[in-house]
Amino acid sequence: MMIDGVEPIVAALGGLAAPAPAGLTGKVFTGWLAAPSRLGEVFVAFTGDGVQFVRPAESVHGDADAFAEAYRDRFGRPLRPADRAPAGLLPALRGRPAPSLRLDLRRLPDFERDVLGATRRIPAGQTRPYGWIAREAGRPRAVRAVGSVLARNPVPLLVPCHRVVRADGRLGDYMFGPAHKEELLRAENVDLDQVAAFAQQGVHYLGSDTTGVVCFPTCHNARRISPAHRHGFRTIGIAVAAGYRPCRHCRPGVEAASA
DNA sequence: ACTTTGACAGGGA
DNA sequence: GTCCCTGCCAAAG
């Protein structure tokens, strides 16, 4: 870890009277700016390595100083205004695909990084349960810890934690309130009414009897199953026992066999 | 439907 | 370091 030696040096550079080379600025200070998003105006902090922190202006009472303080509490570094946004940030905040967007999640604990990484892979317009994230992150039983991580998601919207929902079909909580979660999902065209209707009947997975594949209801494959060939299942185990195979796209996991 | 128990990573004492 | 406690859950009573 040669990085250990680099940080103090870089910090010392920040104290020199002469301006640091432009390329270093993002490593010494963190830039911030305000930008429009699907949650209204947001404050965004980023280094040269990517975006680190996003908070709706509303959540800090529109106060940029409060945002800077929250950032400092968490990352231990000061903020200075930035002149331009990192590549991809503005489209991403509007919910548009932005492959060029980079996130700086290096200093997070492994588990948090893995949880956020798995969450980031949920396609727009789809949802996954907390248990799915736990499994993708390599800790299938750390379901509740996943919730704890997402409650502190440093980069909401960019890591779409609003797409992580409860296994029973309810939406679950959201750092800025469940109403915003629902709003974001509906804006992505998730058919929440259909999900709720299925859940009402105890159905949490959908299979096609023509392909023999079973999916989460919001998977784009599931949404193409015609009602005539659609079968609902309460658990993935029941579907597998009926000869269905878990979809390779949405990867509904086989839950632990009940002894 | 509601309550209890299980499980677990992180943060604070 | 170690307990202790909490929390966007989940499955069983």
Side-chain angles (χ1 to χ4, degrees), chain A residues 37-39 42 52-56 58-60 69-77 105-122 124 126-188 190 192 195-205 216-218 232-241 246 250-259:
Chain A
S37 83
R38 289 191 285 166
L39 288 175
V42 290
Q52 274 190 327
F53 197 51
V54 172
R55 286 293 179 269
E58 183 184 29
S59 71
V60 289
E69 189 182 335
Y71 175 82
R72 185 168 208 152
D73 281 350
R74 194 144 164 193
F75 294 88
R77 307 174 73 187
L105 306 175
R106 292 166 309 165
R107 7 178 320 144
L108 300 178
D110 289 349
F111 180 68
E112 289 191 23
R113 258 205 344 273
D114 294 342
V115 165
L116 296 174
T119 303
R120 202 183 180 190
R121 285 178 229 122
I122 306 173
Q126 300 187 36
T127 61
R128 298 287 183 275
Y130 289 89
W132 183 91
I133 301 288
R135 182 164 53 77
E136 293 278 315
R139 283 105 171 145
R141 284 159 304 182
V143 176
R144 195 151 182 203
V146 167
S148 299
V149 168
L150 295 183
R152 293 174 34 86
N153 180 6
V155 285
L157 295 175
L158 306 181
V159 165
C161 61
H162 59 279
R163 294 179 195 145
V164 184
V165 299
R166 295 178 54 127
D168 64 5
R170 289 149 60 191
L171 291 190
D173 220 330
Y174 187 54
M175 62 195 315
F176 307 122
H180 284 304
K181 192 172 191 173
E182 175 167 351
E183 181 186 338
L184 288 168
L185 290 175
R186 287 195 189 279
E188 294 180 7
V190 178
L192 293 182
V195 170
F198 278 125
Q200 178 76 26
Q201 311 163 54
V203 169
H204 300 121
Y205 303 91
F216 287 118
T218 59
F233 298 96
R234 185 171 54 80
T235 70
I236 201 72
I238 294 171
V240 169
C250 64
R251 295 192 294 285
V254 181
E255 72 273 358
S258 52

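For clarity, every value in this text was computed on a predicted model and none was experimentally measured. Chain letters run A, B, ... following the sequence lines, proteins first and then strands; every chain starts at 1.
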Please state how far atom [atom1] in [X] lies from atom [atom2] in [N], giving the value in whole angstrom units.
X	N	atom1	atom2	value
A:H204	C:dA10	NE2	C1'	11 Å
A:R141	B:dA9	CZ	P	9 Å
A:R128	C:dC9	CZ	P	19 Å
A:L171	C:dC9	CG	C1'	14 Å
A:N153	B:dG10	CG	P	15 Å
A:R163	C:dC9	CZ	P	19 Å
A:L116	B:dG10	CG	C1'	14 Å
A:L150	C:dC9	CG	P	10 Å

By nearest atom, which of the nucleotides [options] is closest to the [X] side chain?
X	options	answer
A:V143	C:dC8, B:dA9, C:dC9	C:dC9
A:A167	C:dA10, C:dC8, B:dA7	C:dA10
A:R139	C:dC8, B:dA9, B:dA7	B:dA9
A:E112	B:dG10, C:dG7, C:dC8	B:dG10

Sugar-phosphate only, base, or nothing, as touched by A:P109 at under 4.0 Å among non-hydrogen atoms: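 Touches sugar-phosphate only.
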Touch class at under 4.0 angstrom, heavy-atom based, for A:A142 against every strand present: sugar-phosphate
Given DNA chain C, 5'-ward residue of the pair A:A145 and A:D168, judged by closest heavy atom: A:A145
A:E188, A:E182, A:E183 screened by salt bridge (Lys or Arg N to Asp or Glu O under 4.0 Å) with A:R186, the one that passes: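 By the salt bridge (Lys or Arg N to Asp or Glu O under 4.0 Å) criterion, A:R186 pairs with just one of A:E188, A:E182, A:E183: A:E182.
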Contact nearer the 5' end of DNA chain B, comparing A:R152 with A:R144: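 Looking at DNA chain B, the more 5' nearest nucleotide goes with A:R144.
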Earlier contact from the 5' end, DNA chain B, for A:Q200 and A:S148: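 Nearer the 5' end of the strand: A:Q200.
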Under 3.5 Å donor-acceptor, A:N153 side chain and A:V159 backbone: yes
Point-to-point distance, once rounded to the nearest 0.5 Å, from NE2 of A:H204 to CD1 of A:I238: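 Separation between the atoms: 11.0 Å.
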Crowding at CD, A:Q201 (>12 non-hydrogen neighbours, <6.0 Å): yes
Salt bridge flag under 4.0 Å for residues A:R251 and A:E136: yes
